[in-house]
J.: 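If you scroll down you'll find the structure; I have some questions about it.
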Amino acid sequence: MKDLKKRTITAIVMIALLIPVVYFGGIVMEVLASILTLLAAYELEKMFKKENNWSVYNFFNILVSLGSFFVFYYSLMMKNYYLVLALLIVLFIIQGFMMIFTANTDGYSLGNSLITIFYPSIGFSTLAFIRNVNIEELWHNGFFILLYGVIICMMTDMFAYFFGSKFGKHKLCERISPKKSWEGSIAGTVFAVVFGTVFAYFTGVGTYLFPFANDIGIILLLILLSLLLSIIDEIGDLFASKLKRTYGIKDYSQIFPGHGGVLDRFDSYIFVSTALACLIFISSLF
């Protein structure tokens, strides 16, 4: 009961802080996303190095993750993808030097570094991009598209939990997340498809994402998209859970009392926002 109260209070505070940031967007959304990137990168480095002393290499990964966030974000906003190419080339060279001249750096630590650098930066940069992308047809730029992604994640997670708790008998992926069931997963996806499709159709999100389709086509494509995004949501959750299980931790941190860390709360949104950002890029070509 005490834990439920803590979770509820934390959730109310989080929602109260996030609503104005998401509503106004712009630079406040950029600042929030960059802070979340920094915190998530710290959580990953802390998890990877929990049994070792911190070194310059750990702080380097965190700062590079933050820098990568800005590169990805402004590359998307300005449609200048040469910045991303330059970032990848520089990181390739730097990591090569680290592998050769740093005694504690090997293939295993290199893989961890790449997760720290790219996992948070790509996810949160696409989250900010979706909110701030210039879309004249939709109210307040990408606000409705961002809400569409949030609805998909919320419906998937919420109904998967409720139905899984009550009717779950067949484990979805026991070795990664023993509490998840096929019954809960299917229920969460069904509700996500229904709520997501209705929201996206009546707010014009479907018209923007699929400008080449008529009304029936838009509805069918939104059903397929919502289904895909719901599955991606669950993949994102399982990915984060697999990392935690691999390194023997329950939560990434305790920054949100009762809810865990940044990656505990935003693991699914990172994957869904990345997929939506790719779709926005594709739709802009038509």
Side-chain angles (χ1 to χ4, degrees), residues 1-12 14-15 18 47 119 123 127 145-203 205-206 209 218-252 254 256-276 278-279:
M1 190 69 180
K2 183 179 180 181
D3 186 58
L4 178 61
K5 181 179 179 181
K6 183 193 298 183
R7 287 175 61 87
T8 303
I9 293 174
T10 302
I12 292 173
M14 288 172 61
I15 292 171
L18 287 174
M47 178 182 68
Y119 181 24
L127 201 67
I145 296 183
L146 183 60
L147 282 187
Y148 170 58
V150 170
I151 288 172
I152 293 293
C153 292
M154 287 184 62
M155 294 299 105
T156 301
D157 298 343
M158 183 169 63
F159 285 101
Y161 173 77
F162 288 145
F163 277 79
S165 299
K166 193 170 183 64
F167 305 106
K169 294 181 180 179
H170 301 87
K171 301 298 182 183
L172 177 64
C173 196
E174 189 169 7
R175 63 188 178 83
I176 296 178
S177 187
K179 294 183 179 180
K180 294 186 182 298
S181 66
W182 279 105
E183 291 83 358
S185 176
I186 292 171
T189 298
V190 169
F191 279 93
V193 169
V194 172
F195 281 92
T197 299
V198 171
F199 177 86
Y201 180 77
F202 285 105
T203 55
V205 170
L209 293 177
I218 288 173
I219 292 173
L220 293 176
L221 288 169
L222 282 175
I223 290 173
L224 291 175
L225 176 61
S226 299
L227 174 63
L228 177 62
L229 291 178
S230 181
I231 294 172
I232 291 174
D233 169 276
E234 298 193 59
I235 291 173
D237 186 38
L238 289 172
F239 177 83
S241 296
K242 179 64 179 291
L243 284 178
K244 289 190 290 185
R245 183 166 289 271
T246 299
Y247 287 90
I249 62 172
K250 182 178 182 294
D251 296 314
Y252 283 99
Q254 294 300 321
F256 303 125
H259 290 264
V262 171
L263 289 173
D264 292 295
R265 290 300 89 206
F266 290 92
D267 49 5
S268 300
Y269 295 92
I270 285 176
F271 275 66
V272 170
S273 66
T274 302
L276 271 175
C278 290
L279 188 58

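Atom set for the values below is all heavy atoms of this structure, side chains included, hydrogens, waters and symmetry mates excluded.
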J.: What residues, two or more places apart in sequence or in another chain, satisfy side chain to side chain contact (heavy atoms under 4.5 Å, CB included) together with Phe191?
T.: Phe159, Phe163, Phe195

J.: Could you point out which residue of Leu279, Val150, Val205 forms a side-chain contact (heavy atoms from CB on, under 4.5 Å) with Ile145?
T.: Val205

J.: Just by distance, no angles: are the side chains of Glu234 and Ser185 close enough, under 3.5 Å, to form a donor-acceptor pair?
T.: yes

J.: Please name all residues satisfying ring pair (Phe, Tyr, Trp, His ring centres under 6.0 Å) with Phe239, sequence neighbours left out, ordered by chain then number.
T.: Tyr119, Phe271

J.: Any chance you could measure Ile152, atom CD1, to Met155, atom CE, to the nearest 0.5 Å?
T.: 9.0 Å

J.: Could you grab the distance from atom OG of Ser230 to atom CD1 of Ile186, nearest 0.5 Å is fine?
T.: 11.0 Å

J.: Let me confirm one number: the CG-CD1 distance from Asp237 to Ile270, rounded to the nearest 0.5 Å.
T.: 11.5 Å

J.: Using atom types as modelled and distance alone, determine if a side-chain donor or acceptor of Asp264 lies under 3.5 Å from a backbone N or O of Tyr252.
T.: yes

J.: Do you know which two heavy atoms are closest between Ala275 and Leu229, and how far apart they sit?
T.: CB-CD2, 3.9 Å

J.: So, using side chain to side chain donor-acceptor pair (under 3.5 Å) as the criterion, who are the partners of Tyr148 when residues are at least two apart?
T.: Ser226

J.: Taking all non-hydrogen atoms of both residues, which atom of Val193 and which atom of Ile223 are closest, and how far apart?
T.: CG1-CG2, 3.9 Å

J.: Hey, could you give me the CD1/CG distance between Ile232 and Leu276, rounded to the nearest 0.5 Å?
T.: 8.0 Å

J.: For the atom pair CG (Asp251) and CZ (Arg265), what is the distance rounded to the nearest 0.5 Å?
T.: 8.5 Å

J.: What residues form a salt bridge (Lys or Arg N to Asp or Glu O under 4.0 Å) with Asp157, not counting sequence neighbours?
T.: none

J.: Mind checking what makes side chain to side chain contact (heavy atoms under 4.5 Å, CB included) contact with Leu224, not counting sequence neighbours?
T.: none

J.: What is the distance from atom CD1 of Ile151 to atom OG1 of Thr156, rounded to the nearest 0.5 Å?
T.: 11.0 Å

J.: Applying side-chain contact (heavy atoms from CB on, under 4.5 Å) to Leu221 and Leu225, what does each step give before you reach the verdict?
T.: CA-CA 6 Å; Leu221 288 169; Leu225 176 61; over 6 Å; no

J.: Residues two or more places apart in sequence or in another chain: which of them pass side chain to side chain contact (heavy atoms under 4.5 Å, CB included) with Leu238?
T.: Leu172, Cys173, Ile176, Ser177, Lys180

J.: Specify the closest pair of heavy atoms between Ala200 and Leu222, including all atoms of both residues, with the distance to one decimal.
T.: CB-CD2, 3.6 Å

J.: Listed by chain and number, what are the side chain to side chain donor-acceptor pair (under 3.5 Å) partners of Ser241, not counting sequence neighbours?
T.: none

J.: Can you sort out the partners of Ser273 under side chain to side chain contact (heavy atoms under 4.5 Å, CB included), two or more places apart, ordered by chain and number?
T.: Thr126, Leu127, Ile130

